[in-house]
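As structure tokens, the structure follows; a few thoughts come after it.
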Amino acid sequence: MSVDQATVRKIAHLARIKVADADVEPLRGELNAILAFVETLNEVDVTGIEPMTSVIPMAMRTRADVVNDGNIADLVTANAPAAEDHFFTVPKVIE
Amino acid sequence: MTDLTLADARDALVRKEFSATELAQAQIAALEAAKKLNCFIVETPDQALAQAKASDAKLAKGAGGPLEGIPLGIKDLYCTKGVQTTAASHILEGFIPPYESTVTANLWRDGASMLGKLNLDEFAMGSSNETSYFGPVISPWRRDGDTTPLVPGGSSGGSAAAVAARLCFGATATDTGGSIRQPAAFTGTVGIKPTYGRCSRWGVVAFASSLDQAGPIARTVRDAAILLRSMAGHDSKDTTSVDLPVPDYEAALGGSLKGKKIGIPKEYRLDGMSAEIEALWQQGIAWLKDAGAEIVDIALPHTKYALAAYYIVAPAEASSNLARYDGVRYGLRVPGRDIADMYESTRAEGFGREVRRRIMIGTYVLSAGYYDAYYVKAQKIRTLIKRDFETAFEAGVDAILTPTTPSAAFGIGEKGSADPIEMYLNDVFTVTVNMAGLPGISVPAGVSAQGLPLGLQLIGRAFDEETLFSVASVIEKAAPKVVLPTQWW
């Protein structure tokens with residue numbers, strides 16, 4: 001499988017990465033090189049093989065249902081590029 | 001003082017031959033003089049001295065921990081409370097974590113001190129440390145009679161270069177496809193990627209969560225064993241961390257190889273592999289045979305598909321993990337005309353070329369209509385890769401010996417600029433281990449015709465790092481001593 005310029009633009013939008021027009025074609029080439037490289041997997045017969053879901057077989061542990069954190073709004077927002085009164089601020093979403 | 005091994009420095013501190021403060025001062029002077037190598041993104045001499053002072057108080061009372069007074073470097077992928085953590089990315093520049101990663105907290109608990117945060121490939125994506133936003137790390141190694149700057153390998157390039165240049169006694173590193181073992185091989189150091197689950201991933205910036213694992217880089221097998229013992233352990237904050245006792249790895253060193261079976265997988269003999277890598281491998285086989293091990297040929301038939309499957313699984317997980325960098329909660333924000341434009345502009349400017357490329361590949365293979373053809377297929381191949389190893393271990397093999405890398409270190413700018421695959425091939429021998437979740441260690445075993453270090457890799461059963469340390473120490477003892485480069489920087 002290979003991607004065309006329209007697909008590159010679509011992937012970039014899905015990934016929320018702005019791509020300049022001049023970069024679309026080089027990126028198409030790079031992505032297709034990687035996709036061509038992974039084509040070799042088509043040689044492998046995977047009929048009846050389960051996909052790996054856990055690297056080390058172990059039961060999922062759950063923690064106790066207790067409050068173990070909180071009241072640290074200062075810390076949570078300390079690294080925000082823009083915050084007000086413990087809220088993250090973003091450009092207007094609803095007109 | 002800074003040329004000592006970690007083990008010797010530890011013992012000298014206990015015998016009070018010098019103080020932790022003197023040791024930290026000597027180490028700080030060494031890194032001050034090594035700015036050219038660009039190993040550190042941030043240096044923390046004040047923190048190192050404060051921790052050393054506390055260590056001196058403990059040592060005076062004879063109450064030191066296993067790493068009391070030992071200055072270490074920390075890969076800048078580990079969150080450190082109050083100290084900038086960037087993953088070598090512009091998008092995290094200025095990020096000051098309000099918490100400490102579990103692995104680094106374990107090291108401070110045991111008495112170590114922090115000299116600074118080590119450079120790496122951006123988000124650990126690379127094999128040469130050239131993708132760092134903060135510039136490449138220069139290896140302390142050079143080819144004989146040649147001053148061309150060489151890469152230290154990657155992604156833990158700062159860790160490996162700093163340890164080889166004696167800027168710290170050991171360093172934390174991480175390994176998703178070879179990022180501990182390949183730079184260790186390129187710099188004549190020892191690096192171990194433990195079994196998946198052995199070290200907590202909590203507080204380590206995520207790349208590909210089912211492959212990432214923390215581990216140490218050090219100058220000797222013993223030093224790596226000492227560090228791993230402190231780094232490892234169960235952590236309830238990482239649900240994939242395993243609740244198993246951590247053995248005294250140092251005690252595993254020097255064990256006999258009598259009755260041990262070492263597997264040699266023919267699939268690691270690549271077409272066009274250099275004669276010196278093949279010779280190094282044969283030499284390693286001879287050393288282990290001399291030490292009493294039984295050498296057996298084994299088959300790992302799905303090896304050749306591991307790298308391709310990796311370049312589906314790792315970008316897929318990365319695209320998901322890196323979705324969090326949106327310019328809202330931390331790091332860089334680039335203004336936009338609306339919120340979507342703000343996201344897109346922030347991520348375009350904040351991520352470097354290789355990271356953007358991998359996020360896009362990951363987004364594509366996970367997108368509607370392609371998920372089964374790519375991601376599910378790759379995860380099925382992962383099952384087959386793991387099964388290959390299980391078959392070998394069930395047949396009684398204790399460890400598997402392979403070269404660590406297909407070549408010695410290369411020059412900065414020499415690889416991958418035209419074709420990303422050229423760089424990816426560096427990980428061809430190491431990536432299978434991550435896909436199967438197994439432990440792997442790289443140990444220096446010789447030098448190339450141009451005088452650069454080469455490493456051998458040992459792969460073990462899950463949670464049997466002890467056998468790896470034991471067999472690696474035999475190779476270390478048999479191999480000609482790797483003489484680390486004298487200071488030119």
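Proteins get letters first, then strands, A, B, ... in listed order; numbering begins at 1 in each.
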| said: Counting only non-hydrogen atoms closer than 4.5 Å, does B/S210 touch chain A with its backbone (N, CA, C, O), its side chain (CB onward), both, or neither? | reply: both

| query | What part of B/L307 lies closer than 4.5 angstrom to a heavy atom of chain A: side chain, backbone, both or neither? | reply | both

| Can you say whether B/Y424 sits under 4.5 Å from chain A via the side chain, the backbone, both, or neither, judging by heavy atoms? | side chain

| Proximal component of B/I421, with respect to chain A [non-hydrogen, under 4.5 Å] | side chain

| Side chain, backbone, both or neither: which part of B/K386 has an atom under 4.5 Å from a heavy atom of chain A? | side chain

| field | Part of B/D372 within contact of chain A (heavy atom distance under 4.5 Å) | value | neither

| query | For the rings on B/F95 and B/Y325, is their centre-to-centre separation under 6.0 Å? | reply | no

| query | Below 4.0 angstrom, N of the basic side chain to O of the carboxylate: do B/R387 and B/E390 qualify? | reply | no

| field | Pairing of B/R201 and B/D235 as salt bridge, 4.0 angstrom limit | value | no

| message | Ignoring hydrogens and geometry beyond distance, is a side-chain donor-acceptor pair present between B/T131 and B/E122 at under 3.5 Å? | response | no

| task | Would you mind checking which part of A/A12 comes under 4.5 Å of any heavy atom in chain B, side chain (CB onward), backbone (N, CA, C, O), both or neither? | result | both

| task | May I ask you to say whether B/D212 pairs ionically with B/K193, meaning some side-chain N is under 4.0 Å from a carboxylate O? | result | no

